[in-house]
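Basis for what follows: all heavy atoms, side chains included, without hydrogens, waters or symmetry-related copies.
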Amino acid sequence: VQLQASGGGLVQAGGSLRLSCAGSDATFSNRNMAWFRRAPGKERTFVASISRGGQTIYYADSVKGRFTISKDDAKNTVYLQMNSAQPEDTAVYYCAADRPGRTYAPPIRLRFTSTYQYWGQGTLVTVSS
């Protein structure tokens, strides 16, 4: 599957932005999906994940209560709604997809970079103070 991320840009602190990630094929609905980010000079870190059925969602503590991940299988798209954006949210955001049909016990593996085999090209989010 190919992933195309979009929606990044410049936003003021306290503002909102919605990132989108479109998948290229019909297996999208059967994949676990996630967002990661890489801040300037730092390693890539987990932001949010959603299981293929949508029933298991994880957030990094730093974004919990501010960001919302969702997926629209009819559109082969996963979203990241960013509210109350802060300067520390400035990063390149990457969407990621798992292989089709995977289920994990415990599902905490949905937070791990190694779970995902397919990555989008990244979209830059800059939050100004």
Could you tell me whether a side-chain N or O of [X] sits under 3.5 Å from a main-chain N or O of [Y], the two making a donor and an acceptor?
{"X": "Ser129", "Y": "Pro87", "result": "no"}
{"X": "Arg111", "Y": "Tyr59", "result": "yes"}
{"X": "Arg18", "Y": "Gln81", "result": "no"}
{"X": "Thr126", "Y": "Thr90", "result": "no"}
{"X": "Gln121", "Y": "Gln4", "result": "no"}
{"X": "Asn76", "Y": "Asp25", "result": "yes"}

Do you know which two heavy atoms are closest between [X] and [Y], and how far apart they sit?
{"X": "Thr27", "Y": "Pro100", "value": "CB-CG, 4.1 Å"}
{"X": "Asp72", "Y": "Phe28", "value": "O-CE2, 4.4 Å"}
{"X": "Val78", "Y": "Met33", "value": "CG1-CE, 3.8 Å"}
{"X": "Ser16", "Y": "Asn83", "value": "OG-OD1, 2.9 Å"}
{"X": "Phe67", "Y": "Val47", "value": "CD2-CG1, 3.9 Å"}
{"X": "Ser51", "Y": "Leu110", "value": "CB-CD1, 4.0 Å"}

Under a single-linkage definition using a 4.5 Å side-chain heavy-atom cutoff for Ile, Leu, Val, Met, Phe, Trp and Tyr, are [X] and [Y] assigned to the same hydrophobic cluster?
{"X": "Tyr94", "Y": "Leu124", "value": "yes"}
{"X": "Ile50", "Y": "Tyr93", "value": "yes"}
{"X": "Ile69", "Y": "Tyr79", "value": "no"}

Measure the shortest side-chain to side-chain distance between [X] and [Y] over non-hydrogen atoms and say whether it is less than 4.5 angstrom.
{"X": "Arg109", "Y": "Asn32", "answer": "no"}
{"X": "Trp119", "Y": "Leu3", "answer": "no"}
{"X": "Val1", "Y": "Ser24", "answer": "yes"}
{"X": "Asp98", "Y": "Tyr104", "answer": "yes"}
{"X": "Met82", "Y": "Trp35", "answer": "no"}
{"X": "Tyr58", "Y": "Pro107", "answer": "yes"}

First locate atom [atom1] of [X], then atom [atom2] of [Y], and finally report the distance between them rounded to the nearest 0.5 Å.
{"X": "Phe46", "Y": "Arg37", "atom1": "CZ", "atom2": "CZ", "result": "11.0 Å"}
{"X": "Leu80", "Y": "Thr123", "atom1": "CG", "atom2": "OG1", "result": "11.0 Å"}
{"X": "Ser62", "Y": "Glu88", "atom1": "OG", "atom2": "CD", "result": "8.5 Å"}
{"X": "Thr77", "Y": "Leu19", "atom1": "OG1", "atom2": "CG", "result": "12.5 Å"}
{"X": "Ser49", "Y": "Ile57", "atom1": "OG", "atom2": "CD1", "result": "8.0 Å"}

Subject >> Flag if over 12 foreign heavy atoms under 6.0 Å of CD, Glu43 >> reply: no

**OP:** For atom CD of Gln12, decide whether the heavy atoms of other residues, nucleotides or ligands shown that lie under 6.0 angstrom number more than 12.
**Re:** no

Subject >> Side chains of Arg52 and Thr103, donor plus acceptor under 3.5 Å >> reply: yes

**OP:** May I ask you to check whether Phe36 and Tyr116 place their ring centres under 6.0 Å from each other?
**Re:** yes

Original post:
Partners of Arg99 by side chain to side chain contact (heavy atoms under 4.5 Å, CB included), sequence neighbours excluded?
Top reply: Arg102, Gln117, Tyr118

